[in-house]
Novice: 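Below you'll find the structure I mean.
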Amino acid sequence: MPGGRLTQQERQQIAGGLADSLAYAEIARRLDRPTSTITREVMRNGGPTAYRADLAHRATERRAHRRRQAPSAGPRALAQGNGRDDGAVREYEETFTTLLMQQGLPKMVARVLTCLFIADAGSLTAAQLVQHLQISPASVSKAVAFLEQQGLIRRERDDRRRERYFVDDDVWYQSTIASARGIGQVAATARQGVVVLGQGSPAAVRLENIARFSDFISESILRAAEQVREILHTKPDTH
């Protein structure tokens with residue numbers, strides 16, 4: 001059934017489709033499954049180049065066993081309660097994690113960031129992340145260090161001296177600004193190559209086009225981010 005768990009035979013078909021370089025949408029169509037199901041299955045089990053049907057099936061069985069052994073492992077802070085469907089929340093958590101992985105984040109980093117996004121408080125302790133994700137404190141520490149370096153989260157100590165990680169409401173603005181500045185650095189580096197390779201040479205012309213394109217994109221993103229932030233942070237007229 002389209003809504004049920006993937007079978008071992010279906011996973012073998014997924015592996016075959018990947019070997020034939022089929023798109024996720026085509027594999028999903030052949031299995032009568034949502035494309036998001038195939039994408040999530042592949043990304044959480046090694047990605048398109050390392051997916052193995054037998055390993056993926058065993059990993060799924062182990063996760064199901066852990067859920068049966070500890071049905072309430074996740075802390076209440078992670079979007080549970082408030083009349084929410086816990087199964088739907090877990091499904092959404094996996095979907096958002098997969099999206100972040102497709103955007104280039106490592107798997108563990110994506111899992112930690114998603115947890116912070118969906119927590120009502122916008123903050124969690126290392127212990128809560130360890131408990132919810134069933135990972136080691138070292139894995140949390142490594143993921144947090146990466147996210148902090150990218151300016152996506154910040155850390156503080158609460159009144160019990162526990163280290164707590166926060167994701168601010170304007171995190172996507174900060175991430176967008178950092179991305180735009182990175183593109184601006186591409187433009188600057190490309191222009192250095194124009195001088196080194198000799199202006200007018202084919203390579204220099206290519207690099208100059210890269211620089212002009214990157215400049216335009218960077219400036220456009222920065223301008224748009226500032227405009228959107230101003231609109232979203234402006235309080236509506238009381239009249």
Side-chain angles (χ1 to χ4, degrees), residues 1-81 84-119 124 126-147:
M1 294 294 292
R5 292 182 178 176
L6 289 168
T7 64
Q8 189 164 15
Q9 182 179 4
E10 285 177 315
R11 289 191 167 92
Q12 290 170 348
Q13 289 178 264
I14 291 172
L18 293 172
D20 293 337
S21 300
L22 296 182
Y24 292 153
E26 176 60 22
I27 296 174
R29 187 188 65 77
R30 295 185 179 190
L31 294 178
D32 192 24
R33 293 277 190 171
T35 302
S36 60
T37 298
I38 306 304
T39 302
R40 185 166 54 252
E41 165 70 15
V42 174
M43 294 303 294
R44 77 186 304 185
N45 291 291
T49 59
Y51 182 83
R52 289 269 306 277
D54 53 344
L55 296 180
H57 197 70
R58 285 201 292 270
T60 301
E61 290 180 335
R62 285 196 298 270
R63 286 193 294 267
H65 178 72
R66 285 200 300 267
R67 283 196 292 268
R68 287 194 296 269
Q69 293 294 103
S72 59
R76 300 300 296 178
L78 262 66
Q80 295 185 5
R84 292 168 176 147
D85 181 335
D86 289 349
V89 171
R90 286 194 297 272
E91 180 77 10
Y92 176 75
E93 183 179 345
E94 291 184 4
T95 298
F96 205 103
T97 298
T98 300
L99 170 65
L100 294 178
M101 291 168 61
Q102 290 174 332
Q103 299 298 316
L105 286 183
K107 181 177 180 180
M108 198 58 63
V109 173
R111 294 183 71 195
V112 169
L113 186 57
T114 297
C115 283
L116 289 167
F117 278 151
I118 68 173
L124 294 168
Q128 287 174 318
L129 288 167
V130 166
Q131 183 184 23
H132 180 74
L133 296 175
Q134 295 293 288
I135 57 178
S136 68
S139 296
V140 169
S141 179
K142 186 176 180 180
V144 164
F146 178 92
L147 291 168

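Every value quoted in this text rests on a predicted model; they were computed, and no experiment measured them.
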Novice: Could you give the distance from CG (L113) to CG (L100), rounded to the nearest 0.5 Å?
Specialist: 5.5 Å

Novice: Rounded to the nearest 0.5 Å, what separates atom CD in Q8 from atom CD in Q13?
Specialist: 12.0 Å

Novice: Supply the atom-to-atom distance L6 CG to I38 CD1, rounded to the nearest 0.5 angstrom.
Specialist: 5.5 Å

Novice: Are T37 and L31 close enough that some pair of their side-chain heavy atoms sits under 4.5 Å apart?
Specialist: no

Novice: Taking atom SG of C115 and atom CG of L133, what is their separation to the nearest 0.5 Å?
Specialist: 4.0 Å

Novice: Counting C-beta onward and ignoring hydrogens, is there a side-chain heavy-atom pair between L124 and H132 closer than 4.5 Å?
Specialist: no

Novice: So do the side chains of F96 and I118 get within less than 4.5 Å of each other, counting heavy atoms only?
Specialist: no

Novice: Please identify each residue that fulfils salt bridge (charged side-chain N to carboxylate O under 4.0 Å, His left out) with E91, with sequence neighbours left out.
Specialist: R40

Novice: K107 side chain to R44 main-chain N or O, any donor-acceptor pair under 3.5 Å?
Specialist: yes

Novice: Can you name the nearest heavy-atom pair linking A56 to E41, along with the distance?
Specialist: CB-OE2, 3.5 Å

Novice: Is it the case that more than 12 heavy atoms not belonging to Q102 sit under 6.0 Å from its CD atom?
Specialist: yes

Novice: Out of curiosity, T35 OG1 to E26 CD, how far, rounded to the nearest 0.5 Å?
Specialist: 10.0 Å

Novice: I'd like to check L55 versus N45 (side-chain heavy atoms, cut-off strictly below 4.5 Å). Are they in contact?
Specialist: no

Novice: Between E10 and R33, is there a salt bridge with N-O shorter than 4.0 Å?
Specialist: yes

Novice: Look up atom OG in S141 and atom CG in L129, then write down how far apart they are to the nearest 0.5 Å.
Specialist: 11.5 Å

Novice: Strictly below 4.0 Å, N to O, side chains only: are R90 and E93 in salt-bridge contact?
Specialist: no

Novice: Any side-chain heavy atom of E94 within less than 4.5 Å of one from T97?
Specialist: no

Novice: For M108 versus A143, what's the shortest heavy-atom pair and its separation?
Specialist: O-CB, 4.1 Å

